[in-house]
Amino acid sequence: MPLEGHYERQTTPLYKLSSREIKTATVVLLVTVVAMLGVVVATAGDSNPPTPIGCIRANVAGVVGAETISGCGAEAEAKCAHAALFESPRAHGVVAECERQGIEF
């Protein structure tokens with residue numbers, strides 16, 4: 001059974017923060033928040049621009065996750081022609097991207 005005054009003694013902080021410590025903690029918090037906002041603003045934007053004309057960029061299933069198949073010009077035509085030879089979801093994804101970009105193969 002708790003004795004009289006035990007709760008107060010257990011919940012009382014060891015010491016009270018000084019005004020200097022409170023100001024320092026406030027400045028550190030504000031600097032951290034401003035830095036975080038700066039990182040968010042600096043990295044915001046379109047990191048995946050549209051595919052140029054004559055190029056392909058198809059995200060297809062790979063061995064350990066998504067894989068990007070990309071190429072431009074003759075390389076894109078060769079990849080499209082190669083993918084057209086197969087009947088798999090991966091090949092269909094590449095062929096669909098080739099057709100969307102208007103690459104003849």
Are the side chains of [Y] and [X] in contact, using a 4.5 Å heavy-atom criterion?
X     : Y     : result
Ile56 : Lys79 : yes
Val95 : Cys80 : no
His92 : Glu87 : yes
Ile69 : Arg90 : yes
Glu8  : Thr12 : yes

Checking the side chain of Glu21 only, and the main-chain atoms of Ser18 only, is there a donor and an acceptor separated by less than 3.5 Å?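 At least one qualifying donor-acceptor pair exists.
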Between [X] and [Y], what is the shortest heavy-atom contact and its length?
X     : Y     : answer
Gly93 : Ala58 : O-CB, 4.1 Å
Gly71 : Ala76 : O-CB, 3.5 Å
Arg57 : Pro52 : NH2-CD, 4.4 Å

Check whether Leu37 and Leu29 end up in the same hydrophobic cluster, where Ile, Leu, Val, Met, Phe, Trp and Tyr are linked by side-chain heavy atoms less than 4.5 Å apart. yes
Is there a path from Leu14 to Tyr7 through hydrophobic residues (I, L, V, M, F, W, Y) whose side chains come within less than 4.5 Å of each other? no
side-chain contact (heavy atoms from CB on, under 4.5 Å) partner of Glu97, chosen from Thr51, Ile103, Asn59: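 Only match with Glu97 under side-chain contact (heavy atoms from CB on, under 4.5 Å): Thr51.
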With Met36 as reference, evaluate Thr32, Val33, Val40 under the side-chain contact (heavy atoms from CB on, under 4.5 Å) test and give the passing residue.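 Option passing the side-chain contact (heavy atoms from CB on, under 4.5 Å) with Met36: Thr32.
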Check whether more than 12 heavy atoms from other residues, nucleotides or ligands sit under 6.0 Å from atom CD1 of Ile53, and answer yes or no. no
By the disulfide bond (SG atoms under 2.5 Å apart) test, which pairs, at least two apart or in different chains, include something from residues 37-67? Cys55-Cys72
